[in-house]
Asks: 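Encoded as structure tokens, here's the structure I'll be asking about.
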Amino acid sequence: MEKASDFLVIGSGIAGLSFALSVASRGTVRLITKRDKRESNTKYAQGGIASVFSKDDSFEEHINDTIAAGAGLCHEDVVEFVVKEGPECVKELIRWGVEFSFDDKNHIALGREGGHSRRRIVHVKDVTGSIVEDALIQQVDAHQNIKVYENHIAVDLITLKKLLKADTRADRCLGAYALDTDTGEVHSFLAKKTLLATGGAGKAYLYTSNPDVATGDGIAMAYRAGAYIANMEFFQFHPTCLYHPKAKSFLISEALRGEGGVLRLINGEPFMERYHRMKSLAPRDVTARAIDSEMKKNGDEHVYLDMTGIRPAFLKERFPNIHGVCMRYGIDMAAEPIPVVPAAHYMCGGIVVDDYGETSIKSLFVCGESAFTGLHGANRLASNSLLEALVFASRISNKASGDILHEKVRRYDIPLWDVGSAVNSDEAIVVSHNWDEIRRLMWNYVGIVRSNKRLIRAKKRIQNLQDEIKEYYWDFLITSDLVELRNIATVAEIIVESAIMRKESRGLHYNIDYPAADDAHFMKDTLIKV
Ligand code: SIN
């Protein structure tokens with residue numbers, strides 16, 4: 001079935017929802033999301049939104065911290081406008097109903113995280129993302145111009161080039177095919193403007209802080225459609241996820257270190273002073289690598305984050321979620337150190353967009369973790385991601401909705417999704433096996449520390465898996481699992497390819513065969529295109 005609107009939004013995290021709200025007064029919006037509308041990376045963001053609200057802080061310092069974390073690759077013009085436009089976007093969130101934490105002087109409360117020289121993280125205790133998500137969904141649900149389709153996974157973009165099967169110079173996005181996972185039908189969603197806000201791809205790795213939905217769908221779809229993808233070698237590993245046999249993907253926010261938490265070895269020795277002048281508050285790339293190196297050197301399965309020097313009542317009040325979850329696993333963080341390990345957390349690369357979020361394919365916009373704007377460089381500064389999503393959602397809404405009502409878009413006959421001779425698969429085990437193999441090989445060969453040999457090995461394995469998936473994909477009727485497997489394999493292949501191209505170590509990309517940064521050759525982004 002065909003469904004048309006002015007705007008199509010794919011994804012229901014902060015990027016998709018805030019964009020939908022910004023454009024809804026100017027046109028009709030259809031928003032598709034592959035599971036429950038609350039399920040997104042945003043919901044699990046604990047830290048908050050980095051923005052200049054204190055009189056002790058300045059735009060200049062936030063800009064400098066972002067650039068320092070980015071290890072020479074941030075696009076400085078983008079850093080400048082994102083930092084400067086940040087406070088207004090945070091105020092818009094407040095107007096949409098988000099109640100941020102306040103301090104006892106009735107000022108907006110500001111936390112601190114790794115790499116920040118000042119307190120500047122606007123937050124709601126340790127559940128910022130979840131509260132933001134709830135507030136935005138409430139607004140979206142109440143808006144008569146926005147229709148939300150849950151359990152709809154986008155399968156592929158519909159572009160002029162694919163439709164006409166011709167090499168049109170100026171390609172254009174016309175919408176997307178999406179599978180309704182309740183009925184098994186594939187619908188075409190057509191729109192004047194399409195926004196990809198599909199989030200990250202942490203599920204490419206065995207251990208991740210991301211929820212199951214983070215399968216890089218937008219990256220894979222845009223890549224197949226011919227958009228440029230950049231800097232995918234820079235995958236950020238969060239230094240501190242809870243280490244417990246029963247805890248899956250639970251983040252221990254960097255805000256704990258901002259309040260005085262100390263990283264220690266199993267024997268109790270603090271070790272971060274050997275790696276960075278900011279000690280336990282060093283930027284993430286340095287901290288994750290230091291933990292990885294200490295664990296390997298000592299044969300330990302985790303390190304500790306020690307919060308026992310902080311007042312118990314404060315810990316409970318400031319971090320109710322983390323405190324509660326740790327307690328459920330039998331860890332009283334006020335009395336004993338928390339066992340932690342690094343895990344895949346955030347994709348700093350993404351689909352290349354301009355300063356208003358548009359890709360090289362006209363009318364296709366990208367916002368949030370799937371976008372490559374140039375803000376993060378080789379390593380994202382903590383809590384700059386929700387900020388980027390908000391600022392770009394606002395910029396995109398201005399560009400995309402400018403003349404939408406008067407825009408005449410030529411109508412094309414969009415073919416229905418062709419199932420060909422595909423039949424129902426009776427081999428679901430193949431999907432889960434391939435999925436597992438990708439995640440393991442990415443963790444073992446393309447993780448925090450890489451080498452030429454491991455990258456080449458990963459490349460060969462992924463190519464074999466890709467061949468198998470392709471065959472399987474066209475023989476069997478698509479399911480959500482199969483769509484996600486196909487996407488994660490593509491994202492993994494792009495990460496490996498990008499990592500092979502960068503023959504140096506910088507920020508989040510560390511290759512033991514090229515242990516130093518090579519400014520003469522690699523002060524540039526890694527670009528990939530089909
Ligand atoms: C955290 O709370 O540590 C995560 C914040 C972020 O990834 O920016």
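No hydrogens, no waters, no symmetry mates; every other heavy atom, side chains included, goes into these values. Order of appearance sets the numbers: ligands from 1, and atoms from 1 within every ligand.
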Asks: One line per pair, note the atom names and distance for all nitrogen or oxygen contacts under 3.5 Å between ligand 1 and the protein.
Replies:
unit_1, atom_1, unit_2, atom_2, d
ligand 1, 2 (O), G47, N, 2.9
ligand 1, 2 (O), S253, OG, 2.6
ligand 1, 3 (O), H238, NE2, 2.8
ligand 1, 3 (O), E254, N, 2.7
ligand 1, 7 (O), R284, NH1, 2.9
ligand 1, 7 (O), R284, NH2, 3.2
ligand 1, 7 (O), H345, NE2, 2.7
ligand 1, 7 (O), R380, NH2, 2.8
ligand 1, 8 (O), R380, NH1, 2.7
ligand 1, 8 (O), R380, NH2, 3.4
ligand 1, 8 (O), S383, N, 2.6

Asks: Centroid separation under 6.0 Å, is that true for the rings of Y514 and H509?
Replies: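 Ring centroids of H509 and Y514 are no less than 6.0 Å from each other.
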Asks: Can you tell me how far CZ of R318 sits from NE2 of H323, rounded to the nearest 0.5 angstrom?
Replies: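 Nearest 0.5 Å value for the NE2-CZ distance: 14.0 Å.
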Asks: Would you say the ring centroid of Y329 lies under 6.0 angstrom from that of F250?
Replies: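 Not close enough - the centres of the two rings lie 6.0 Å or further apart.
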Asks: Does R502 reach the side chain of N231, with side-chain heavy atoms less than 4.5 Å apart?
Replies: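 Yes, their side chains come closer than 4.5 Å.
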Asks: A quick test of your reading: do over 12 heavy atoms of other residues, nucleotides or ligands sit less than 6.0 Å from CD of E273?
Replies: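 Yes, because the 6.0 Å sphere around CD of E273 holds more than 12 heavy atoms from other groups.
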Asks: Any salt bridge linking E92 with R95? Criterion: basic side-chain nitrogen under 4.0 Å from a carboxylate oxygen.
Replies: yes
